[in-house]
Number of protein chains: 2
Amino acid sequence: MAGVSKEKKALRREHIRNTALALFAERGFEAVTVNEIAEAAGVAKVTLFNYFPSKEDLVLDGVKEDTAAVVAARRPGQTPLDALREHYLAMPDGVAGLDVEALMTRMRIIVGSAALVAGVQRIQYLQRVELAAVLSGRAACDAHTDDLEADLMAAQIVATVQMVQQGFFQRLAAGVSLREAGTSLAGDVRQAFDLLEHGYGRRYAQGD
Amino acid sequence: MAGVSKEKKALRREHIRNTALALFAERGFEAVTVNEIAEAAGVAKVTLFNYFPSKEDLVLDGVKEDTAAVVAARRPGQTPLDALREHYLAMPDGVAGLDVEALMTRMRIIVGSAALVAGVQRIQYLQRVELAAVLSGRAACDAHTDDLEADLMAAQIVATVQMVQQGFFQRLAAGVSLREAGTSLAGDVRQAFDLLEHGYGRRYAQGD
DNA sequence: AGCTAATGCGAACCGGGTTTACTTTTGAAC
DNA sequence: GTTCAAAAGTAAACCCGGTTCGCATTAGCT
């Protein structure tokens with residue numbers, strides 16, 4: 001049957017990824033070559049690239065936040081900002097079931113490599129485009145039909161989410177408990193989305 | 001004297017860049033190899049990389065908008081948003097003296113290549129970090145000392161500026177006159193910065 | 001068992017970028 | 001103008017991420 005081979009493939013994929021992450025954690029992303037990873041994992045380089053389209057994907061595969069889906073699924077009468085606020089206030093619950101240590105390792109690998117940080121930016125750019133499409137109600141791959149407001153909002157939401165999330169994971173990485181980090185996160189989420197809703201007004205006027 | 005050699009170096013640099021841009025415009029960024037560029041420019045590959053740190057830089061060098069400097073130089077009592085609004089309202093005057101055709105060619109090259117678009121994102125990320133530093137008053141290379149509001153504002157400003165600018169250049173690329181594009185730009189700038197100042201409120205509530 | 005299709009493989013290749021070791025320019029001092 | 005040191009240029013070999021190709025192995029199905 002097909003199911004058993006799928007499972008074996010998934011196992012092999014995880015094996016390759018874990019091998020790679022272990023090496024990256026030890027010596028940094030750029031200091032490890034794909035040849036090494038392949039050898040350490042006991043597969044051919046070409047096989048590695050058969051499972052992961054690029055070296056970056058060994059780390060970044062699966063980091064995409066689907067803000068567009070959250071917004072698209074918002075309840076009647078709910079604004080995109082409300083839907084996202086709700087979603088991110090609930091984030092600690094989602095993280096609770098995961099291997100936080102592994103998550104932190106991956107974070108450390110990412111922030112230790114300019115290429116990976118850039119990769120994250122690239123992924124968020126795609127998110128922004130998707131979100132703008134949802135907001136303006138156009139199909140996901142339409143050309144930019146001049147909905148400046150939707151484009152602006154999408155860009156600002158994605159940027160906001162990234163900042164807030166970054167703070168959350170940094171606190172976790174600093175050893176803060178999941179519970180406490182969750183509390184801080186809640187405050188950050190509220191602050192960030194309130195700013196989006198009500199604006200910056202005259203904040204940061206020169207000379208205050 | 002040193003001046004004359006500086007001038008010759010600058011000329012050679014421009015020659016290499018122009019050679020490359022011509023090839024890119026003709027066949028696309030990825031379809032041209034640096035070997036070809038070097039040969040076409042009559043220079044060794046290693047010399048090319050001596051002038052430009054990477055193939056991307058042949059196109060992207062000089063695209064960085066220094067929003068951080070604009071904000072840092074704001075007048076007493078002026079908010080960052082006011083300073084930037086003023087600056088971008090004046091943008092058409094800055095563009096007027098430039099070779100618009102060359103600018104458009106470069107734009108077309110960039111949007112024709114995923115790698116270059118990603119490169120632009122990367123550059124804007126650096127801008128965001130600089131701007132956050134200016135806003136929160138910390139030194140440019142300090143570690144992230146938890147000024148969530150400044151980080152948020154920086155991210156949102158950079159995203160906003162990018163969207164507005166993109167619209168401006170797209171209109172120019174579509175053949176709109178500089179004068180008309182300037183008018184549209186003014187409207188976009190005002191709309192965008194008003195949103196930043198006053199927020200999105202309940203815009204895009206589901207079911208409107 | 002036997003056939004077919006998928007998967008894995010080594011090796012050669014490509015292109016961006018670096019290193020090395022050598023030659024040419026260059027600019028300035030005499 | 002000659003000389004000399006530093007700067008800049010060069011060819012060639014190399015490294016690494018990623019692809020292509022032709023062949024071997026395996027898996028699933030009958």
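In what follows, chains carry the letters A, B, and so on, assigned in the order in which the sequence lines appear, proteins first and then strands, with residues in each chain numbered from 1.
- Regarding A/Phe52, its CZ atom lies at a distance of 18 Å from the C1' atom of D/dT19, rounded to whole Å.
- The residue from B/Leu152, B/Leu148, B/Leu196 that alone fulfils the side-chain contact (heavy atoms from CB on, under 4.5 Å) condition with A/Leu195 is B/Leu152.
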All N/O donor-acceptor pairs, side-chain side in residues 92-103 of chain A, below 3.5 Å, sequence neighbours left out:
{"residue": "A/Asp99", "atom": "OD1", "partner": "A/Glu101", "partner atom": "N", "Å": "3.1"}
{"residue": "A/Asp99", "atom": "OD1", "partner": "A/Ala102", "partner atom": "N", "Å": "3.1"}

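- Every residue meeting the side chain to side chain donor-acceptor pair (under 3.5 Å) condition with A/Gln165, not counting sequence neighbours, appears here in chain and number order: A/Glu65.
- B/Thr79 has its side chain out of reach of B/Arg74: every pair of non-hydrogen atoms, C-beta onward, lies at least 4.5 Å apart.
- Every residue two or more places apart in sequence or in another chain that forms a salt bridge (charged side-chain N to carboxylate O under 4.0 Å, His left out) with B/Arg13 is listed here: B/Asp61.
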For residues 49-56 of chain B, which side-chain donor-acceptor pairs fall under 3.5 Å, sequence neighbours excluded?
{"residue": "B/Ser54", "atom": "OG", "partner": "B/Glu56", "partner atom": "N", "Å": "3.3"}
{"residue": "B/Ser54", "atom": "OG", "partner": "B/Asp57", "partner atom": "N", "Å": "3.4"}
{"residue": "B/Ser54", "atom": "OG", "partner": "B/Asp57", "partner atom": "OD1", "Å": "2.8"}
{"residue": "B/Lys55", "atom": "NZ", "partner": "B/Phe29", "partner atom": "O", "Å": "3.1"}
{"residue": "B/Lys55", "atom": "NZ", "partner": "B/Val32", "partner atom": "O", "Å": "2.8"}
{"residue": "B/Glu56", "atom": "OE1", "partner": "B/Arg122", "partner atom": "NH1", "Å": "3.4"}
{"residue": "B/Glu56", "atom": "OE1", "partner": "B/Arg122", "partner atom": "NH2", "Å": "3.2"}

Pairs under 3.5 angstrom, nitrogen or oxygen only, protein versus nucleotides 19-23 of chain C, please.
none

Would you list the protein and nucleotides 5-8 of chain D atom pairs, both N or O, that sit under 3.5 Å from each other?
{"residue": "D/dA8", "atom": "OP1", "partner": "B/Lys9", "partner atom": "NZ", "Å": "3.1"}

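- Note: CG (B/Leu11) to C1' (D/dG9) measures 17 Å, nearest angstrom.
- Here B/Leu23 contributes atom CG and B/Thr19 contributes atom OG1; the two are 7.0 Å apart, rounded to the nearest 0.5 Å.
- Residues that satisfy the salt bridge (charged side-chain N to carboxylate O under 4.0 Å, His left out) test with A/Glu36, not counting sequence neighbours, are A/Arg27.
- Every residue was checked against the side chain to side chain donor-acceptor pair (under 3.5 Å) condition with B/Asn18, not counting sequence neighbours, and none meets it.
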For the pair A/Arg106 and A/Val59, evaluate side chain to side chain contact (heavy atoms under 4.5 Å, CB included) and give the outcome as yes or no after the intermediate values.
CA-CA 7 Å; A/Arg106 192 165 71 165; A/Val59 182; 3.9 Å; yes
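- Between the P atom of C/dG10 and the CD atom of A/Glu39 lies a distance of 10 Å, rounded to the nearest Å.
- Listed by chain and number, the residues in a salt bridge (charged side-chain N to carboxylate O under 4.0 Å, His left out) with A/Glu149 are B/Arg203 (sequence neighbours excluded).
- Taken residue by residue, residues 112-123 of chain B places no heavy atom nearer than 4.0 Å to DNA chain D.
- Interatomic distance, CD of A/Gln127 versus CD1 of A/Ile123, reported as 9.0 Å (0.5 Å rounding).
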Just the atom pairs and distances: protein N or O near nucleotides 13-16 of chain C's N or O, under 3.5 Å.
{"residue": "C/dG16", "atom": "OP1", "partner": "B/Val32", "partner atom": "O", "Å": "3.4"}
{"residue": "C/dG16", "atom": "OP1", "partner": "B/Lys55", "partner atom": "NZ", "Å": "2.8"}
{"residue": "C/dG16", "atom": "OP2", "partner": "B/Val34", "partner atom": "N", "Å": "3.0"}

May I have the list of side-chain donor-acceptor pairs in residues 185-192 of chain A shorter than 3.5 Å, sequence neighbours left out?
{"residue": "A/Asp188", "atom": "OD2", "partner": "A/Arg171", "partner atom": "NH2", "Å": "2.5"}

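- Rounded to an integer number of Å, the gap from B/Leu48 CG to D/dT10 P is 10 Å.
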